[in-house]
Amino acid sequence: MQEVSVSVRKLDLSFGAVTVLRQLDIDVHDGEFLVLLGSSGCGKSTLLNCIAGLLEASDGQIFIKGKNVTWAEPSERGIGMVFQSYALYPQMTVEGNLSFGLKNARVPKAEIKKRIDYAAQVLQIEPLLKRKPGALSGGQRQRVAIGRALVRDVDVFLFDEPLSNLDAKLRADLRVELKRLHNQLENTMIYVTHDQIEAMTLADRIAIMKSGAIQQLGSPDEIYNRPMNKYVADFIGSPAMNFLEGHLDKGVIQVGEHGFPMTGYEFVDGNATGDVWLGIRPEHILTGDGTTNAAFQTTVEVDIVEPTGADTLVLATLADAPFRVRMDGQARVRPGETLVIGINPAAASVFDKESEQRL
C-alpha cells in the first residue's frame with residue numbers, strides 16, 4: 001500500500017449558517033499529483049486553504065505526514081503554497097522574493113543560496129534573478145511564485161488555480177512544466193482548478209467536487225470512462241456528454257421511437273430497469289464507414305457545423321434532444337444534410353433518472 005501524505009478526516013467548515021465542506025474524507029498518497037476539480041463555489045479552494053492552515057475547520061482533522069496539524073500554524077505544516085495572484089513583493093528582485101521566507105526562518109546564507117540556485121535551475125529562471133516582478137511576464141512571475149514554494153524544501157505543495165490568469169498558450173506551456181517538475185521532484189502536490197483540461201493532463205487522480213462534497217475520486221481514465229453519476233459525466237468532457245431520456249427494460253433502452261440494445265455495456269446492477277439517462281460522448285459516436293458494425297444506427301439532420309481545425313463539431317437533434325457529434329477535422333458536412341451515425345453501448349453511460357447514479 002502507498003504511504004499517505006495528506007489525510008483529511010470528517011472535515012466540516014461553515015461560515016455562519018452556510019456549510020461549505022460536509023464530512024469530507026480524502027487521502028492523498030505520497031508523491032501523488034491530486035487535482036481538486038469543480039465549478040466555482042464547490043469548496044475546492046476552501047479545502048486547500050484548510051489543508052494549508054489559512055482557514056480554521058469547524059470540525060474534523062487534518063494530518064500531514066502522519067502528524068495532526070488541524071490546529072497548527074501554516075508555517076508549522078511543512079507545506080509550500082502557490083497562489084493564483086502570484087503574491088510577489090514588487091520592490092524585491094526575484095532573488096529577494098525567493099530568499100525572503102528563508103531569511104525570516106533564519107536559514108544559513110549558504111543554504112539559502114543553494115536552495116535558490118536549485119530552484120532557479122529547475123524552473124529555468126536563472127537569468128531573471130536580478131529583475132523585479134514588474135519586469136517579468138505573467139508566466140515568468142508564476143515560475144517565481146512556484147520557486148518561492150520550492151525553496152522551502154517541503155514534502156507537500158499546494159497550488160490554488162496558479163495558471164488561471166495566463167493566456168491559453170502560456171497555460172498549456174506551464175502545464176507541461178508543472179508535469180515535468182512533479183516527475184522530477186516526486187513530491188506530493190494538491191492542485192485546485194476549474195479547468196478540466198488541466199485536471200486530465202496533470203493528475204494522477206482527480207477529486208470532482210460539488211457543494212462541499214467529493215462526487216468521485218479516481219484516475220482521469222476512470223472518471224472519463226466510468227463516471228459515477230450524471231454530474232461527473234456532464235462536467236468532464238468537452239464538448240459535454242449527450243444525454244437522452246429513456247426507459248430501460250430487458251437490456252434495451254427505449255428513447256422515443258429508438259431502441260438502444262445495451263449488449264456489451266457493463267451494468268453495475270444487471271437487473272436494473274426503469275427510467276434512465278443514456279449518456280454518449282460526442283467523440284464516441286461513429287460516422288461514415290465506422291457505423292457498419294455499430295450495435296445501433298440511425299440518421300440525424302445536421303443543424304450547425306463548428307469546424308475547429310483538428311475536429312469538426314456537429315450539432316443535430318436526436319429524439320427531440322440536442323445531440324453533438326465530434327468528427328474528423330477534415331469531414332465535409334453541411335447544415336441541412338443527413339448524417340448516418342452509429343453507437344456502441346460499451347462506450348455509453350447509463351444513469352438512474354431519479355438518483356442520477358450510474359447503473
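For the numbers below, each heavy atom of this structure counts, side chains included, while hydrogens, waters and symmetry mates do not.
Remark: side-chain polar atoms of N187 are paired, donor with acceptor, to backbone N or O of V154 under 3.5 angstrom. Side-chain atoms of R180 do not come within 3.5 Å of backbone N or O of V122 as any donor-acceptor pair. Between the side chain of N97 and the backbone N or O of Y89 there is at least one donor-acceptor pair closer than 3.5 Å. S7 places no side-chain N or O within 3.5 Å of a backbone atom of F63 that could act as its donor or acceptor partner. The closest donor-acceptor contact from the side chain of D25 to the backbone of K10 lies under 3.5 Å. Side-chain atoms of K65 never come within 3.5 Å of backbone atoms of R77 as a donor-acceptor pair (strictly under, hydrogens ignored). Judged by distance alone, with hydrogens and angles left aside, the side-chain atoms of Q254 form a donor-acceptor pair with the main-chain N or O of G256 at under 3.5 Å.
For L286, the side-chain contact (heavy atoms from CB on, under 4.5 Å) partners at least two apart in sequence or on another chain are T291, A294, N344.
Heavy atoms of other residues, nucleotides or ligands lying less than 6.0 angstrom from NZ of K103 number 12 at most. Counted within 6.0 Å of CZ on R324, heavy atoms from surrounding residues, nucleotides or ligands total 12 or fewer; the atom is thus considered open. Residue N104 places its CG atom among more than 12 non-hydrogen atoms of other residues, nucleotides or ligands, all under 6.0 Å distant. Under a cut-off of 6.0 angstrom, the local environment of CZ in F267 is crowded, with over 12 non-hydrogen atoms contributed by other residues, nucleotides or ligands.
At a threshold of 4.5 Å between side-chain heavy atoms, the hydrophobic network of Ile, Leu, Val, Met, Phe, Trp and Tyr places L158 and L34 in one connected group. W277 and V232 fall into different hydrophobic clusters, where Ile, Leu, Val, Met, Phe, Trp and Tyr side chains are chained together by heavy-atom contacts under 4.5 Å. A chain of hydrophobic side-chain contacts below 4.5 Å, direct or via other Ile, Leu, Val, Met, Phe, Trp or Tyr residues, connects I64 to L21. F33 and V6 fall into different hydrophobic clusters, where Ile, Leu, Val, Met, Phe, Trp and Tyr side chains are chained together by heavy-atom contacts under 4.5 Å. The hydrophobic clustering, which links ILVMFWY residues whose side-chain heavy atoms are closer than 4.5 Å, places L47 and L55 together.
The CD atom of E301 sits 15.0 Å away from atom CZ of F323, with the distance rounded to the nearest 0.5 Å. Here the CE-CD1 distance, from M200 to I236, works out to 5.5 Å after rounding to the nearest 0.5 Å. Taken to the nearest 0.5 Å, the OG1 atom of T193 stands 7.5 Å off from the CG atom of L163. Taken to the nearest 0.5 Å, the NZ atom of K230 stands 12.5 Å off from the CD atom of Q215. For the atom pair CD of E266 and CG of N225, the computed distance is 11.0 Å after rounding to the nearest 0.5 Å. Note that CD of E186 and CG of D155 are 13.0 Å apart. Values are rounded to the nearest 0.5 Å.
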Derivation and outcome, salt bridge (charged side-chain N to carboxylate O under 4.0 Å, His left out), residues D27 and R9:
CA-CA 9 Å; D27 285 335; R9 289 283 166 264; 2.8 Å; yes
Candidate pair N68 and T70, rule side chain to side chain donor-acceptor pair (under 3.5 Å), full reasoning
CA-CA 6 Å; N68 190 336; T70 309; 2.6 Å; yes
Test side chain to side chain contact (heavy atoms under 4.5 Å, CB included) applied to H182 and D204, step by step:
CA-CA 11 Å; H182 179 252; D204 295 320; 3.7 Å; yes
So L318 and H258, side chain to side chain contact (heavy atoms under 4.5 Å, CB included) or not? Walk me through it.
CA-CA 9 Å; L318 179 61; H258 303 286; 3.6 Å; yes
Could you go through V300 and T317, starting from their C-alpha distance and side-chain angles, then the distance that decides it, and tell me whether this counts as side chain to side chain contact (heavy atoms under 4.5 Å, CB included)?
CA-CA 6 Å; V300 294; T317 302; over 6 Å; no
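Counting all heavy atoms, side chain and backbone alike, P345 lies closest to P261 at CG-O, 3.5 Å. Summarising the geometry of L170 relative to G138, their closest heavy-atom pair is CD2-C, 4.4 Å, with the distance given to 0.1 Å. In terms of heavy-atom proximity, V192 sits nearest to S45 at CG1-OG, 3.6 Å. In terms of heavy-atom proximity, E222 sits nearest to Q216 at O-NE2, 3.9 Å. The two atoms that bring L278 and A348 nearest to each other are CD1-CB, 4.0 Å, heavy atoms only. Nearest heavy-atom pair across G212 and L24 is O-CD1, 3.7 Å.
Comment: R22 does not engage D12 in a salt bridge, judged by the lack of any side-chain N to carboxylate O separation of less than 4.0 angstrom. Salt bridge annotation for D117-K113: present, with a cationic side-chain nitrogen under 4.0 angstrom from a carboxylate oxygen.
The aromatic rings of F159 and Y191 are tilted relative to each other, their planes meeting at an angle between 30° and 60°.
The cationic atom of R148 (NZ for Lys, CZ for Arg) does not lie both less than 6.0 Å from the six-membered ring centre of F83 and within 45° of the ring axis.
Looking at R131, R115, K130 one by one, the single match for salt bridge (charged side-chain N to carboxylate O under 4.0 Å, His left out) with E95 turns out to be K130.
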